[in-house]
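For reference, the structure discussed in these notes is given below.
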Amino acid sequence: MPELPEVEVVRSGLAPALVDATVSAVTVHDARALTRHPGSVDDFEQSLRGAHVVAVCRRGKFLWMPFTPAGGSNAARAVVAHLGMSGQMLLRFSGAPVERHERIRLDIDHPHHGALAVVFADQRTFGSLALDPLLPTTDAAPGGFGADEATVPAQVAHIARDPLDPALDETRLRRLWARKRSAIKRVLLDQTVISGIGNIYADEALWGARIHPETPADALSARHVTRLLAEIRAVLDKALAEGGTSFDAQYVNVNGQAGYFAHSLHAYGRTGAPCHRCGRPIARVSFMNRSSHFCPSCQRMPRTR
DNA sequence: GCGTAGACCCGACTGG
DNA sequence: CGAACTCGGGTCTACA
């Protein structure tokens, strides 16, 4: 469930069940899901058993759950979750059968919802869970969506704030974009500049702003940048409202349900189909070892450099 | 030249 | 044979 809207769907689905819950058991089916955990599998299981979950937070495509350890006092660490290309967080009843591609299961007890299972399933294993220390944010603002505390996990510290974060530093963002000679699409995908945008929403936002994906970022006018930022926010908001983009059963919410935004796409995956603005066919080019979709007629490169 | 920062490629997987 | 909503480490280049 990879980009910001899909990850936010997961965050908001997990929060009611996980905030205030206590972890009763941890089952690691596949140690590859812990490649980003600094300690051993045993350390992961033992540190988490009996832990009390304080919040479910998100910045860009990263999720984290601050917790107080069994018998502990304050939340100094968090479970960091990244879904990679195919990760899912599923909420199941206690004792539910092992899911296809299930990598890790957390059994939890919630004061209102009772016993539940949180299942991390991941076909391609690019996703992971990890325990990570919480560090203060450099701007003293809350670490991300769903966070009250001004902290982020160490693994998330280098990730920029996302377009839906009120603490996003737009001045810094404009300055960074103005300095980059790389193609704007590449820059949109750089999570240290602005986070949460992946291949789908980069193509969609550039289509909406009528900007060619290979336009050098520093060639964009202030007006282009304003339009692009507005399109980014609009497409992410709309995708979130529609439950995210689901092409297949891979991208689902915590209850296994797909989102509807795939029906609203204008560029991504529409190779050869008529542009919804001008009717000319959407082009697909290979770019950075992945696909870029755009309208060659509506999205022109600027004439000057 | 050295050291550093930025840019970019590629591998890490499963499976339609 | 290799589509695919990911990330970061290694490596190369450019420059002070």
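The basis for the numbers below is simple: all heavy atoms, side chains too, and nothing from hydrogens, waters or symmetry mates. Just so we're on the same page: letters track the sequence lines, and every chain starts at 1.
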Can you list the steps and then say if A:N253 with A:Q257 is a side chain to side chain donor-acceptor pair (under 3.5 Å)? CA-CA 5 Å; A:N253 67 13; A:Q257 298 158 328; 3.0 Å; yes

Given side chain to side chain donor-acceptor pair (under 3.5 Å), test A:H276 with A:R270 step by step and report yes or no. CA-CA 10 Å; A:H276 290 152; A:R270 296 195 65 247; 3.1 Å; yes

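OP1 or OP2 of C:dA4 has at least one side-chain nitrogen or oxygen of A:S291 nearer than 4.0 Å. Within the structure, every side-chain polar atom (N or O) of A:H82 is placed at least 4.0 Å from both OP1 and OP2 of C:dG8. Dashed line: the shortest gap from a side-chain N or O of A:K61 to OP1 or OP2 of C:dC5 is not under 4.0 Å. Considering only side-chain N and O atoms, A:H101 lies under 4.0 angstrom from the phosphate OP1 or OP2 of B:dG15. Close to C:dC5, at under 4.0 Å from its OP1 or OP2, lies no side-chain N or O of A:Y201.
Going from atom CG of A:L176 over to atom C1' of B:dA5 covers 13 Å, rounded to whole Å. In this structure, A:L189 places its CG atom 14 Å from C1' of B:dC9, rounding to the nearest Å. Between the CZ atom of A:R100 and the P atom of B:dT14 there is a distance of 12 Å, given to the nearest Å. Atom P of nucleotide C:dC5 and atom CG of A:D203 are separated by 9 Å, given to the nearest angstrom. Following rounding to the nearest Å, A:M85 (CE) and C:dC7 (P) show an atom-to-atom distance of 10 Å. Straight-line distance from the CD1 atom of A:I200 to the P atom of C:dT6: 7 Å, rounded to whole Å. Across the protein-nucleic acid pair, A:F287 atom CZ and B:dC9 atom C1' stand 13 Å apart, rounded to whole Å. Taking atom CG of residue A:L83 and atom C1' of nucleotide B:dT14, one finds them 16 Å apart after rounding to whole Å.
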Which protein N or O atoms sit under 3.5 Å from an N or O of nucleotides 6-8 of chain B?
from  : atom 1 : to     : atom 2 : distance (Å)
B:dA7 : OP2    : A:K180 : NZ     : 2.9
B:dC8 : OP2    : A:S182 : OG     : 2.7
B:dC8 : OP2    : A:R186 : NE     : 3.2

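Comparing A:F62 and A:N289 against DNA chain C, the residue whose closest nucleotide sits nearer the 5' end is A:N289.
Look at the C1' atom in both C:dC5 and B:dA7: the space between them is 24 Å, to the nearest Å. C:dG8 sits 24 Å from B:dG15 when the P atoms are compared, rounded to a whole Å.
At least one donor-acceptor pair closer than 3.5 Å links the side chain of A:R300 to the backbone N or O of A:S297. Judged purely by atom type and a 3.5 angstrom limit, A:E102 has no side-chain atom pairing as donor or acceptor with the backbone of A:F120. For A:R186 (side chain) and A:P216 (main-chain N/O), no donor-acceptor pair under 3.5 Å exists by modelled atom type. Side-chain atoms of A:D122 come within 3.5 Å of backbone atoms of A:G127 as a donor-acceptor pair (strictly under, hydrogens ignored).
Residue contacts for A:R290: at a heavy-atom cut-off of 4.0 Å it reaches a base atom on one of the strands shown.
Comment: A:K185 does not engage A:E214 in a salt bridge, judged by the lack of any side-chain N to carboxylate O separation of less than 4.0 angstrom. Remark: A:D162 engages A:R58 in a salt bridge, criterion side-chain N to carboxylate O under 4.0 Å.
The shortest side-chain heavy-atom distance between A:W64 and A:V79 does not fall under the 4.5 Å cut-off.
Around atom CD of A:E45, more than 12 heavy atoms belonging to other residues, nucleotides or ligands sit under 6.0 Å away.
Taking every heavy atom of residues 121-137 of chain A and every atom of DNA chain B, pairs under 4.0 Å involve A:Q123, A:R124, A:T125, A:F126, by number.
Relative orientation of the A:H37 and A:F44 rings is perpendicular, given thresholds of 30° and 60° on the angle between their planes.
The residue from A:L206, A:V225, A:L188 that alone fulfils the side chain to side chain contact (heavy atoms under 4.5 Å, CB included) condition with A:I211 is A:L206.
In this structure, the nucleotide among C:dA4, B:dC13, C:dG8 sitting nearest to the side chain of A:R32 is B:dC13.
A centroid separation of less than 6.0 Å is found between the aromatic rings of A:H212 and A:F294.
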Base-pair map of DNA chain C as dot-bracket, where | denotes pairing with a different strand and pairs are Watson-Crick or G-U under 3.5 Å: ...|.||||||||||.

